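Read through the structure below, which is laid out as structure tokens, and then see the notes.
Not measured: the values here are computed from a predicted model. Throughout, numbering of the chain's residues begins at 1 and tracks the sequence.
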Amino acid sequence: MNFSFLDNWRKRHDGADGTPLASAVGESEGVAELLSECELLRARAGQHGLELDDSPASLEALDQLPPRWRDDPEELPWLGNDAGLYLGTVIVRTVPGAVWHIWPGGHPVVRLTSGREIQVVEAGLDWAATGAPELSQVYAEAAEA
């Protein structure tokens, strides 16, 4: 599968300093930067006057957007993927001890200090397709843990 956020990261990093994507996965700042781009979601939110500032309040605002992306079966999975990555970004930036973890197959999850792993991409895809669970609900559960 082709992920647009990887293409953008590669344009900025591959060849510039010789750091391949596989090496960057071990660097938590590089992973966080890469996974936080969420270009499609940020663009769609911006069309509704919503600036995504990586805060829990922005997740609540996303939950209130009219789900027009459901009318476009090609865009829906991309937007859902971005929503999951954005959810993970908010959790990592605001929940103490939360970190990105990349499974061996390249699947990103958020690991909490309790050891619990949150499959944020799946949550984002479910949210984009059905509206449930709400992104703010997943965040609240992670913040309580």
Could you tell me whether the side chain of E122 reaches within less than 4.5 Å of the side chain of H107, counting heavy atoms only?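 Counting from C-beta outward, H107 and E122 do come under 4.5 Å.
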Please tell me if the side chains of P56 and V90 come closer than 4.5 Å, counting only heavy atoms from C-beta onward.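 P56 vs V90: side chains touch.
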For [X] versus [Y], what's the shortest heavy-atom pair and its separation?
| X | Y | value |
| --- | --- | --- |
| P66 | H48 | CG-CE1, 3.9 Å |
| P108 | V120 | O-CG2, 4.4 Å |
| L40 | D82 | N-OD2, 2.9 Å |
| D54 | Y86 | N-OH, 2.8 Å |
| V110 | A98 | CG1-CB, 4.1 Å |
| R70 | L76 | CA-CD1, 3.6 Å |

Distance, nearest 0.5 Å, that separates [atom1] of [X] from [atom2] of [Y]:
| X | Y | atom1 | atom2 | value |
| --- | --- | --- | --- | --- |
| T89 | E33 | OG1 | CD | 11.0 Å |
| E75 | R44 | CD | CZ | 4.0 Å |
| W78 | C38 | CH2 | SG | 13.5 Å |
| L87 | I118 | CG | CD1 | 7.5 Å |
| L52 | S58 | CG | OG | 5.5 Å |
| I91 | E141 | CD1 | CD | 9.5 Å |

Polar side-chain atom of [X] near backbone of [Y] as donor-acceptor pair, under 3.5 Å:
| X | Y | value |
| --- | --- | --- |
| W69 | A128 | yes |
| R111 | W100 | no |
| T130 | W127 | no |
| D126 | P133 | no |

Would E37 and R42 satisfy salt bridge (Lys or Arg N to Asp or Glu O under 4.0 Å), going step by step from the backbone distance to the final call? CA-CA 8 Å; E37 289 191 7; R42 290 180 189 277; over 6 Å; no
Would V121 and L85 satisfy side chain to side chain contact (heavy atoms under 4.5 Å, CB included), going step by step from the backbone distance to the final call? CA-CA 6 Å; V121 172; L85 295 176; 3.9 Å; yes
Cluster overlap V99 with I102, hydrophobic side-chain contacts below 4.5 Å: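 No, it is not one cluster - the side chains of V99 and I102 are not joined through contacts under 4.5 Å.
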Is V109 reachable from V92 through a run of I, L, V, M, F, W or Y residues, each pair having side-chain heavy atoms under 4.5 Å apart?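 No; tracing contacts between hydrophobic side chains, which count when under 4.5 Å, never links both residues.
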In terms of heavy-atom contacts, does CD of E51 have more than 12 from other residues, nucleotides or ligands at under 6.0 Å? no
Test side chain to side chain contact (heavy atoms under 4.5 Å, CB included) applied to E117 and W103, step by step: CA-CA 11 Å; E117 291 184 344; W103 287 350; 2.9 Å; yes
